[in-house]
There are 2 protein chains.
Amino acid sequence: MRRKSLNTATCPVARSLDVIGDWWTLLIVREAFKGASRFSEFQQGLGLAKNILSSRLRKMLADGILELRPAAAGGSHLEYHLTHKGIQLRLILIALRQWGEDNLFVSGEPMTTFVDSQTGQSLKRLRPIRQDGTEVGFRDLVTKLVVAGEGVD
Amino acid sequence: MRRKSLNTATCPVARSLDVIGDWWTLLIVREAFKGASRFSEFQQGLGLAKNILSSRLRKMLADGILELRPAAAGGSHLEYHLTHKGIQLRLILIALRQWGEDNLFVSGEPMTTFVDSQTGQSLKRLRPIRQDGTEVGFRDLVTKLVVAGEGVD
DNA sequence: CCGTATCCATTCCGATACTG
DNA sequence: CAGTATCGGAATGGATACGG
């Protein structure tokens with residue numbers, strides 16, 4: 001039987017996973033951030049089967065994460081580009097990356113990391129902070145039911 | 001054929017997805033943050049089949065995300081608790097949550113959100129910042145190859 | 001209450017061949 | 001180059017029945 005769809009869940013985590021919670025989607029987004037925009041670039045960068053890539057790209061277009069745009073340099077071609085919604089996934093990639101850097105590598109292994117292209121500086125670890133700028137402790141978060149669109153606090 | 005394992009990739013995003021990149025693992029972590037620690041609590045909170053839950057819990061134990069501890073209140077029972085490695089997944093949950101809140105709900109829908117249990121304040125959006133505290137623009141991130149354990153910049 | 005074992009349908013994924 | 005079509009093996013997921 002098909003997995004339950006989570007797209008009506010009240011939990012945003014569940015809905016997010018329903019859209020991007022598979023192995024390839026976020027890696028496609030990663031490639032897009034690295035500059036990939038064509039079918040072959042994604043395929044070579046990821047090494048996945050073409051039919052899988054095809055179906056993922058189609059789903060990501062439908063989900064509004066990618067959009068098709070004519071090639072920049074006059075080519076009569078269509079390219080896949082991140083939408084605003086897709087660009088915002090960058091935070092999730094950074095969170096995944098930092099967790100992986102801190103927990104999945106042993107000292108000495110080669111590893112890629114994000115650096116600022118201007119200064120070469122690396123990034124600080126992301127931290128959850130309250131509206132007033134103070135930091136939230138590990139266990140000090142509770143879920144609360146609100147109505148979307150009505151500013152909380 | 002089995003999906004390629006990504007656990008030797010140099011990209012931390014790929015390795016992270018190899019460990020937590022399926023639909024249930026992060027939801028189990030979410031339940032654990034909400035206080036679930038027993039098999040039945042996870043099962044009722046998520047509504048997934050018991051065999052799936054069983055295999056996921058086992059894998060998460062093997063991956064060091066959960067650990068078994070004797071029940072707090074003298075019960076002769078074992079409970080699943082997040083390890084430090086598991087607790088650090090909180091950032092990923094927050095990133096997923098904020099993306100979902102911003103992109104997957106229409107105004108008026110009921111939605112859960114994180115608030116600070118002390119003050120009731122909601123959280124600010126996560127932001128990537130450089131070591132010097134300044135904010136990084138959307139496209140100003142490049143991946144760079146480094147060696148794990150050697151501090152970058 | 002805590003799982004494990006089995007069964008079955010669906011999906012995922014890779015490989016390959018093929019079209020425009 | 002950019003996909004689509006098809007195949008087969010493996011994994012996923014739900015339901016149920018069963019043992020500790």
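All figures in this text were calculated on a predicted structure; none of them were measured in a lab. All chains are named by letter (A, B, ...) in the order of the sequence lines, taking the proteins before the strands, and each is independently numbered beginning at 1. Side chains are part of it too, since the values below use all heavy atoms of this structure and drop only hydrogens, waters and symmetry mates.
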Taking atom [atom2] of [N] as reference, at what distance in whole Å does atom [atom1] of [X] sit?
| X | N | atom1 | atom2 | answer |
| --- | --- | --- | --- | --- |
| B:R56 | D:dA11 | CZ | P | 12 Å |
| A:Q43 | D:dC1 | CD | P | 10 Å |
| A:W23 | D:dA11 | CH2 | P | 11 Å |
| A:K50 | C:dC12 | NZ | C1' | 19 Å |
| A:I52 | D:dG8 | CD1 | C1' | 13 Å |
| B:E79 | C:dG3 | CD | P | 11 Å |
| B:L57 | C:dC2 | CG | P | 11 Å |
| A:M60 | D:dG3 | CE | P | 14 Å |

Taking the side chain of [X] as heavy atoms from C-beta outward, which of [options] is closest to it?
| X | options | value |
| --- | --- | --- |
| A:S54 | C:dA15, C:dC2, D:dT4 | D:dT4 |
| A:W24 | D:dA2, C:dG3, C:dG14 | C:dG14 |
| B:Y80 | C:dG3, D:dG14, D:dA2 | C:dG3 |

Confirm from the modelled atom types if B:N51 and D:dG14 form a donor-acceptor pair under 3.5 Å, side chain to base only.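 When only heavy-atom distances are counted, B:N51 does reach the base of D:dG14 through a donor-acceptor pair under 3.5 Å.
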
Is it the case that the side chains of B:E79 and B:H81 hold a donor-acceptor pair, with the cut-off being a distance below 3.5 Å and no angle test?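 Yes.
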
With a non-hydrogen cut-off below 4.0 angstrom, is B:D22 in contact with a base, only sugar-phosphate, or nothing?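 The residue B:D22 makes no contact with any strand.
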
Tell me what B:F42 touches on the nucleic acid: a base, only sugar-phosphate, or nothing, going by heavy atoms under 4.0 Å. nothing

Of the non-hydrogen atoms in [X] and [Y], which two are nearest, and what is the gap between them?
| X | Y | answer |
| --- | --- | --- |
| B:S122 | A:Q131 | OG-NE2, 3.1 Å |
| B:K85 | A:N103 | CG-OD1, 3.5 Å |
| A:P128 | B:L91 | CD-CD2, 3.9 Å |

Within less than 4.0 Å of OP1 or OP2 of [N], is there a side-chain N or O belonging to [X]?
| X | N | answer |
| --- | --- | --- |
| A:R58 | D:dT4 | yes |
| B:S40 | C:dC1 | no |
| B:R38 | C:dC1 | no |

Run the salt-bridge test on A:R125 and A:E101 with the 4.0 Å N-O cut-off and return the result as yes or no.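 Yes.
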
